[in-house]
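A, B, ... follow the sequence lines: proteins, then strands. Residue 1 opens every chain.
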Protein chains: 2
Amino acid sequence: MQPANKMAVLKSFIDAKGLKSTSQRDFIAETFFKTNTHISLDELLSKVRKKTPNIGYATVYRTMKLLSECGLAIARQFGDGQTRYENLPEDGHHDHIICIKCAKIAEFQNPKIEQLQIEAAKKLGFTVVNHKLELYGYCPDCA
Amino acid sequence: MQPANKMAVLKSFIDAKGLKSTSQRDFIAETFFKTNTHISLDELLSKVRKKTPNIGYATVYRTMKLLSECGLAIARQFGDGQTRYENLPEDGHHDHIICIKCAKIAEFQNPKIEQLQIEAAKKLGFTVVNHKLELYGYCPDCA
DNA sequence: ATGAAAATGAAAGTTAATATCATTTAAGGA
DNA sequence: TCCTTAAATGATATTAACTTTCATTTTCAT
Ligand SMILES: [Mn+2]
Ligand SMILES: [Mn+2]
Ligand SMILES: [Zn+2]
Ligand SMILES: [Zn+2]
């Protein structure tokens, strides 16, 4: 989805909930939609403050919470103690592999693993709603 | 491994590092070795204080850190904001499925998934050192 | 334009983890 | 057994990320 379309989705979500539009939130969202990393609130705040220095941390926090609610952002925790956000991926769900030396993050999709997860759960009588799969190891540069 | 053997492993780790034995640490470790759940520091502290009411949180914290270091305990984070510890499993590594309604935790082993993880990483040039796989969904009672 | 309701930003509060520090304790050697 | 010294303890303080509060500002339907 293009950033412009994402803005439209956000607008309708805001309308549907009876919320109001603000320049701060729009700018934070636009800035986030342009990212293609796994960005922390502090990082996003810095980015946003380059153009709009008086935006507050709480507004960035609340905006990302809103984007997560309406599915445009995904919150991730890679174990470094900070929540990171990424844009809803074009091509569906993916999982992550993180370099334990340089913190590089790579993404992968693996339908077989997904299927085996569902089966493993079924054996225990569980139904899977979501999951978290993170591999930790060394990237090509750090191996 | 029996609790008694675990105590022996802990003793040798303590000796090797030039640390000293204490009754508090021994009792915390013994208490932990008897658990078969995924226990938080607060829960373990309560358990310990039933017999030894004056043991401090910090000592439990430091003991579990030590047990993690010497491989007798595994620290887990299931996304509820608290670190939980479990005994080193008899039968090797396992992953978890957590009920999003009642918080029940089930465990499973799946060599196929493990193998596919390694292969997925390899395709990206990564080598896997460890991983985290958690399924979230509904348990049989909550489905 | 007006007024109700939402949004903002600064500041305060929360919570789990971690560090500090005065005091106590363990353990090897005199 | 008595010292000595380094480690352990427990109370308390600090940290860090998140979350809430609140006075003020802004939006937007009327
Ligand atoms: Mn990603
Ligand atoms: Mn387990
Ligand atoms: Zn790397
Ligand atoms: Zn359940």
Side-chain angles (χ1 to χ4, degrees), chain A residues 7 10-32 38-70 73-85, chain B residues 7 10-32 38-70 73-85:
Chain A
M7 284 309 290
L10 176 57
K11 290 276 185 212
S12 31
F13 186 84
I14 283 172
D15 284 355
K17 284 231 166 185
L19 309 181
K20 293 172 180 174
S21 286
T22 69
S23 60
Q24 290 98 327
R25 185 160 56 199
D26 285 357
F27 184 60
I28 293 165
E30 272 166 19
T31 305
F32 170 71
H38 305 81
I39 198 168
S40 69
L41 286 184
D42 281 327
E43 288 163 358
L44 184 55
L45 180 63
S46 300
K47 220 177 251 286
V48 156
R49 279 190 171 161
K50 282 181 186 162
K51 293 247 177 177
T52 321
N54 52 340
I55 277 185
Y57 173 93
T59 303
V60 174
Y61 164 77
R62 287 184 286 233
T63 298
M64 291 316 298
K65 194 176 179 183
L66 190 68
L67 294 188
S68 297
E69 272 170 34
C70 67
I74 302 175
R76 303 280 189 189
Q77 332 250 187
F78 294 132
D80 66 340
Q82 270 191 108
T83 300
R84 293 176 173 279
Y85 296 87
Chain B
M7 285 308 291
L10 176 57
K11 290 277 185 211
S12 30
F13 187 84
I14 283 173
D15 284 354
K17 285 232 167 188
L19 308 181
K20 292 173 181 173
S21 288
T22 69
S23 60
Q24 290 98 327
R25 185 159 58 200
D26 284 356
F27 184 61
I28 294 165
E30 272 167 20
T31 305
F32 171 71
H38 303 83
I39 198 167
S40 69
L41 286 183
D42 281 327
E43 288 163 357
L44 183 55
L45 179 63
S46 299
K47 219 177 251 286
V48 157
R49 278 191 170 160
K50 281 179 186 162
K51 291 248 177 172
T52 321
N54 52 337
I55 276 184
Y57 174 93
T59 303
V60 174
Y61 164 76
R62 287 185 286 234
T63 298
M64 291 317 296
K65 195 174 178 184
L66 189 70
L67 294 187
S68 297
E69 271 169 36
C70 67
I74 301 175
R76 303 281 189 188
Q77 333 249 193
F78 294 131
D80 67 339
Q82 272 193 105
T83 300
R84 292 177 172 280
Y85 296 86

Would you say [X] places a side-chain N or O within less than 4.0 Å of OP1 or OP2 belonging to [N]?
X	N	answer
B:Thr22	D:dA7	no
B:Thr83	C:dA17	yes
B:Gln82	C:dT15	no
B:Tyr57	C:dT18	no

Please pick, from [options], the nucleotide with the shortest atom-to-atom distance to any side-chain atom of [X].
X	options	value
A:Lys65	D:dA6, D:dT20, C:dA17	D:dT20
A:Ala58	D:dA11, D:dT9, D:dT20	D:dT20
A:Ser21	C:dA7, D:dA11, D:dC28	D:dC28
B:Arg62	D:dC18, D:dT21, D:dG10	D:dG10
B:Tyr61	C:dT18, D:dT20, D:dA11	C:dT18

Measure from [atom1] on [X] to [atom2] on [N] and round the result to the nearest Å.
X	N	atom1	atom2	result
B:Asn54	D:dA11	CG	C1'	12 Å
B:Leu19	C:dT25	CG	P	19 Å
B:Glu43	C:dA17	CD	P	11 Å

Problem set entry | Under-3.5 Å donor-acceptor pair between B:Lys20 side chain and D:dA7 base | no
For this session: Indicate yes or no for a side-chain donor-acceptor contact from A:Thr52 to the backbone of A:Ile55 under 3.5 Å, with no hydrogens or angles considered.
Result: no
